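See structure below.
Index from 1, following the sequence. None of the values given here were measured: they were computed from a predicted structure.
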Amino acid sequence: MKSKDNASRVAFYMFMVAMESEEAQKRGMVCVYYLLDATNFSSVTGKLRSTMPAHIGSLHLCYNDITQYAVTCMGVYALNHKTKVRFRPHFGSHIEVQYALTTFGI
């Protein structure tokens, strides 16, 4: 439980530092969840994002587990069009994911 609390503190700090930028407030932020070799992913930032006045410009989820990637891709169909265009799942090794993110300027 302590690691989840620590992760929440880190996420809160990162959002607060990012929100100090006037440009981030106007144009939005790009969130990258790098979940390569993640055994258990539970979103500690889900509630935090809904309570923070932050505009998420896009969201990139990076996986190397095909089952997590497949579940994410199936979930994309449930999103509305406005959200779907801002969400990108990526699958592959560390290098492949880096190359995929590079095409978005990340």
Side-chain angles (χ1 to χ4, degrees):
M1 189 65 163
K2 188 172 184 172
S3 65
K4 196 171 191 178
D5 291 339
N6 289 341
S8 295
R9 286 187 193 105
V10 168
F12 177 77
Y13 176 76
M14 289 174 57
F15 272 110
M16 292 304 293
V17 168
M19 290 309 298
E20 288 178 358
S21 167
E22 186 176 335
E23 185 176 346
Q25 293 175 15
K26 290 179 180 177
R27 300 179 70 191
M29 296 185 292
V30 175
C31 293
V32 178
Y33 288 96
Y34 194 77
L35 303 171
L36 271 64
D37 298 327
T39 56
N40 185 11
F41 172 68
S42 61
S43 177
V44 294
T45 61
K47 290 181 183 176
L48 182 64
R49 276 187 287 132
S50 64
T51 60
M52 299 285 289
H55 170 65
I56 306 297
S58 67
L59 178 67
H60 296 265
L61 291 174
C62 306
Y63 299 106
N64 66 344
D65 182 13
I66 192 68
T67 56
Q68 289 177 335
Y69 178 73
V71 169
T72 302
C73 288
M74 288 189 300
V76 170
Y77 291 111
L79 299 174
N80 63 15
H81 179 69
K82 190 174 183 179
T83 306
K84 193 183 297 187
V85 297
R86 299 185 182 277
F87 179 83
R88 293 284 190 264
H90 304 285
F91 173 75
S93 67
H94 174 72
I95 297 295
E96 292 170 334
V97 168
Q98 282 185 332
Y99 286 141
L101 292 173
T102 303
T103 63
F104 292 95
I106 300 172

Which side-chain N or O atoms in residues 95-104 pair as donor and acceptor under 3.5 Å with protein atoms at least two apart or in another chain?
from	atom 1	to	atom 2	distance (Å)
Glu96	OE1	Ser93	N	2.8
Gln98	NE2	His94	NE2	3.1
Thr102	OG1	Gln98	O	2.6
Thr103	OG1	Ala100	O	2.6

Using the rule that Ile, Leu, Val, Met, Phe, Trp and Tyr join whenever any side-chain heavy atoms are under 4.5 Å apart, tell me whether [X] and [Y] fall into a single cluster.
X     : Y      : answer
Leu79 : Tyr69  : yes
Leu59 : Met74  : no
Tyr34 : Ile106 : yes
Val32 : Tyr13  : no

At their closest point, which heavy atom of [X] faces which heavy atom of [Y], and how far apart are they?
X     : Y     : answer
Asn64 : Gly92 : CB-O, 3.3 Å
Val30 : His60 : CG1-CD2, 3.7 Å
Arg88 : Lys84 : NH1-O, 3.9 Å
Ala24 : Ala18 : CB-O, 3.3 Å

Interatomic distance, Cys73 atom SG to Leu61 atom CG [nearest 0.5 angstrom]: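 Nearest 0.5 Å value for the SG-CG distance: 9.5 Å.
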To the nearest 0.5 Å, tell me how far His90 NE2 sits from Leu36 CG.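 So the NE2 of His90 and the CG of Leu36 are separated by 11.5 Å.
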Is it true that a side-chain atom of Arg86 and a backbone atom of Gly57 form a donor plus acceptor pair closer than 3.5 Å?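 A pair under 3.5 Å: yes.
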Within a strict 4.5 Å, meaning less than it, do heavy atoms of the Thr72 and Phe91 side chains meet? no
All side-chain contact (heavy atoms from CB on, under 4.5 Å) counterparts of Met14, not counting sequence neighbours: Val10
Which pairs, with at least one residue in residues 22-32 and sequence neighbours excluded, count as a side-chain hydrogen bond (donor to acceptor under 3.5 Å, both in side chains)?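 Sorted pair list: Glu22-Lys26, Glu23-Arg27.
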